[in-house]
Amino acid sequence: MGVGAAPDAAAYACADTNTLGHVISAFPRALPCMQSLGLGNILPLAGVPPVERPIAAWGKMQPQGAGMDTTSGHWEIAGTPLSQPFPTFPKGFPPEIMEPFSAACGRGILGNYPASGVEIIQNLGTAHVESGKLIVYTSADSVFQLAAHEEIVPPEQLYAYCRIARELLQGKYAVGRVIARPFRDDGKGNYIRTENRRDFSLEPPVGNLLEACQAAGLPVCAVGKIYDIFAGKHIDRALPGHNNRESMLSLLQALEREEGGLIFANFVDFDMLYGHRNDAEGYANALAAFDQALPELLSALKEEDILAICADHGNDPTTPSSDHSRENVPLLLYGAGLRPVSLGTRCSFADLGQSAADYLGLKALNSGSSFLQEII
């Protein structure tokens, strides 16, 4: 959910991206709850004008670390930006990876090139079903994606193959994520991906927000992809979030149950269903649905709770690319005791993690400057 190109976006071929601005310009939607929080105060948005007195603190954050992928973005939010980008493979993965991988799985390989996940299963799905060979593909991001029909390779078996890939992809081949992409027939001659996706990330750097919470005896609850993004490290409880609706239900459940600590939730549909598929109208509809669900979340907050709404990267569906984009991201912070002030443009996503650590009374993280004193 980017809000405009980052200062170094040209180096990533993303100089003209603005996920939120372009989506709402192409498909205007009323977003009354986020408007009241100050969303329209962050950037010009068609039909979502700035309000004179937002009820939340607002601003945006620049990416500091290298890359523009899910893993690096979330790690930076948690206070550990990458100094070097994860490796990418625009020509596919080399034989020294693919040959031992194929041998260990006992299956041949199809694909092994950058592709849209939706397109590659349409192009290679039948060959996979007929041969049993695994579909491997990547993208502009640092990912090794493994697709298989659930009736040919059950999801648990696909996850086992992903673990083999994760073991092989180390050192100079250490991609940020290995992703299982199960699919099935839709009954109309097409192949569609299921919600049994699973990510296998590298272990996160030491000194992050989750680790600091656990060290202080505070619980960490992960909703949706967060468990996978942090390789299950320093997480006490994981709740499902296969889609935005389930993530919201899990987040509400966590708010009711958890006492103190950190709840970290990911809403996957914006990226998975709409950004990567260049579906700007679907993206706009998902924004409206999120906005409609948000009042219940705000009312569920306890007096001492702080809700932060942000993003990990951009993914502008109005551009020719179906990959992530190097963008600034929105920042909204709401809580009973907060001052609704402008936070301007922060120099790193890590400022949010450092501010959370400050509020929870934790030791300083690896990176980031706390803005807590500006809002309390």
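Position 1 is the first residue of the sequence; numbering continues from there.
- Side chains of Asn366 and Asn208 form no contact here, defined as non-hydrogen atoms less than 4.5 Å apart.
- Gly79 and Leu365 make their closest contact through CA-CD1, 4.0 Å (heavy atoms, listed as atom of the first residue, atom of the second, distance).
- No side-chain heavy atom of Cys221 sits less than 4.5 Å from a side-chain heavy atom of Asp236.
- Summarising the geometry of Cys14 relative to Ser325, their closest heavy-atom pair is SG-CA, 3.7 Å, with the distance given to 0.1 Å.
- No side-chain heavy atom of Ser247 sits less than 4.5 Å from a side-chain heavy atom of Val268.
- Contact detail for Pro330 and Ile42: the closest heavy-atom pair is CB-CD1, 4.0 Å.
- Checking side-chain atoms of Asp185 against main-chain N and O of Gly187 turns up no donor-acceptor pair under 3.5 Å.
- For the residue pair Ser369 / Gln354, no side-chain donor-acceptor distance below 3.5 Å is found, with atom types taken as modelled.
- Between Lys225 and Arg177, some side-chain heavy-atom pair lies under the 4.5 Å cut-off.
- The main-chain N or O of Ser142 is never found under 3.5 Å from a side-chain atom of Asp69 such that the two would form a donor-acceptor pair.
- Remark: Phe183 engages His128, His149, Tyr191 in a ring-ring contact (aromatic ring centres under 6.0 Å, His included) (not counting sequence neighbours).
- Going from atom CZ of Arg29 over to atom CD of Gln292 covers 10.5 Å, rounded to the nearest 0.5 Å.
- Nearest heavy atom pair, residue Phe200 against residue Ala180, reads CE1-CB, 4.5 Å.
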Table please: side-chain donor-acceptor pairs of residues 249-265 below 3.5 Å, with sequence neighbours left out.
unit_1: Ser250; atom_1: OG; unit_2: Pro240; atom_2: O; d: 2.6
unit_1: Ser250; atom_1: OG; unit_2: Glu246; atom_2: O; d: 3.2
unit_1: Glu258; atom_1: OE2; unit_2: Arg237; atom_2: NH1; d: 3.0

* To do: Evaluate the salt bridge (charged side-chain N to carboxylate O under 4.0 Å, His left out) criterion for residues Arg197 and Asp199: first the C-alpha distance (whole Å), next the side-chain angles of each, then the deciding distance (0.1 Å), finally the verdict.
  => CA-CA 7 Å; Arg197 164 189 174 156; Asp199 295 25; 2.8 Å; yes
Could you list the donor-acceptor pairs under 3.5 angstrom formed by side chains in residues 303-314, with sequence neighbours left out?
unit_1: Asp305; atom_1: OD2; unit_2: Lys302; atom_2: N; d: 2.8
unit_1: Asp312; atom_1: OD2; unit_2: His74; atom_2: ND1; d: 3.2
unit_1: His313; atom_1: NE2; unit_2: Thr70; atom_2: OG1; d: 3.4
unit_1: His313; atom_1: NE2; unit_2: His324; atom_2: NE2; d: 3.3

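- Note that the OH atom of Tyr283 and the CG atom of Asp269 stand 10.5 Å from one another [nearest 0.5 Å].
- By the salt bridge (charged side-chain N to carboxylate O under 4.0 Å, His left out) test, Glu211 pairs with no residue at all, sequence neighbours left out.
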* To do: Please test Tyr113 against Tyr137 for ring pair (Phe, Tyr, Trp, His ring centres under 6.0 Å), starting from the C-alpha separation and ending with a verdict.
  => CA-CA 5 Å; Tyr113 50 78; Tyr137 65 104; 8.4 Å; no
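- In terms of modelled atom types and a separation under 3.5 Å, the side chain of Ser355 and the main chain of Ser370 share no donor-acceptor contact.
- Without hydrogens or angle criteria, Asp186 side chain to Asn190 main chain gives a donor-acceptor distance under 3.5 Å.
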* To do: List the steps and the verdict of side chain to side chain contact (heavy atoms under 4.5 Å, CB included) for Ile179 and Leu146.
  => CA-CA 6 Å; Ile179 306 177; Leu146 193 60; over 6 Å; no
Hey, can you pull the donor-acceptor pairs under 3.5 Å for the side chains in residues 82-103, sequence neighbours left out?
unit_1: Glu96; atom_1: OE2; unit_2: Tyr173; atom_2: OH; d: 2.6
unit_1: Ser102; atom_1: OG; unit_2: Arg107; atom_2: O; d: 2.5

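- In this structure, CG in Asp323 is found 12.0 Å from OG1 in Thr17, a value given to the nearest 0.5 Å.
- Phe349 pairs with exactly one of Met61, Gln64, Gln62 by the side chain to side chain contact (heavy atoms under 4.5 Å, CB included) rule, that one being Met61.
- Checking side-chain atoms of Asp141 against main-chain N and O of Val143 turns up no donor-acceptor pair under 3.5 Å.
- A side-chain donor-acceptor contact under 3.5 Å links Thr80 to the backbone of Trp75.
- There is a path of hydrophobic side-chain contacts, each under 4.5 Å, that joins Ile376 to Leu362.
- Within the 3.5 Å criterion, the main-chain N or O of Ser322 finds a donor-acceptor partner in the side chain of His276.
- Inter-residue side-chain proximity for Asn328 and Leu43 is flagged as unmet; no heavy-atom pair is nearer than 4.5 Å.
- Evaluation of the salt bridge (charged side-chain N to carboxylate O under 4.0 Å, His left out) rule for Asp8 yields Arg326 as partners, not counting sequence neighbours.
- Of all heavy-atom pairs between Leu360 and Cys213, the closest is CD1-SG, 3.9 Å.
- The environment of CZ in Arg339 is crowded: more than 12 heavy-atom neighbours from other residues, nucleotides or ligands sit within 6.0 Å.
- A salt bridge does not link Arg163 to Glu156: none of the charged nitrogens lies less than 4.0 Å from a carboxylate oxygen.
- Taken from CD1 in Ile121 to CG in Asn123, the straight-line distance is 9.5 Å, to the nearest 0.5 Å.
- Ile77 and Val3 sit in two unconnected hydrophobic clusters of ILVMFWY residues. Membership requires side-chain heavy atoms under 4.5 Å apart, directly or through other members.
- The side-chain heavy atoms of Met1 and Asn315, taken from C-beta on, include no pair separated by under 4.5 Å.
- Of the possible donor and acceptor atoms, none in the side chain of Ser25 sits under 3.5 Å from a partner among the backbone N and O of Gly21.
- Nearest approach of Leu210 to Ala78, heavy atoms of both residues: CD1-CB, 4.2 Å.
- A continuous path of Ile, Leu, Val, Met, Phe, Trp and Tyr side chains, each step under 4.5 Å between heavy atoms, connects Leu338 with Tyr359, placing both in one hydrophobic cluster.
- Looking at Lys233 and Glu203, a side-chain N of the basic residue comes within less than 4.0 Å of a carboxylate O on the acidic one, giving a salt bridge.
- Cluster annotation: Phe27 and Leu31 are assigned to distinct hydrophobic clusters (Ile/Leu/Val/Met/Phe/Trp/Tyr, side-chain heavy-atom contacts under 4.5 Å, transitive).
- Looking at heavy atoms from C-beta onward, Ile375 lies in side-chain contact with Val341 at the 4.5 angstrom threshold.
- A distance of 8.5 Å separates CG of Asp291 from CG of Leu39, quoted to the nearest 0.5 Å.
- At a cut-off of 3.5 Å, with distance as the only test, a side-chain donor of Thr194 or Glu150 sits close to an acceptor on the other residue.
- A chain of hydrophobic side-chain contacts below 4.5 Å, direct or via other Ile, Leu, Val, Met, Phe, Trp or Tyr residues, connects Leu297 to Ile55.
- Glu327 places a side-chain N or O within 3.5 Å of a backbone atom of Gly4 that can act as its donor or acceptor partner.
- Between the Gln170 side chain and the Arg166 main chain, a donor and an acceptor come within less than 3.5 Å of each other.
- Asp16 has its side chain out of reach of Thr319: every pair of non-hydrogen atoms, C-beta onward, lies at least 4.5 Å apart.
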* For side chain to side chain contact (heavy atoms under 4.5 Å, CB included), just list the numbers for Tyr334 and Leu298, CA-CA rounded to whole Å, side-chain angles, deciding distance to a tenth of an Å, and then say yes or no. => CA-CA 8 Å; Tyr334 176 83; Leu298 299 186; 3.8 Å; yes
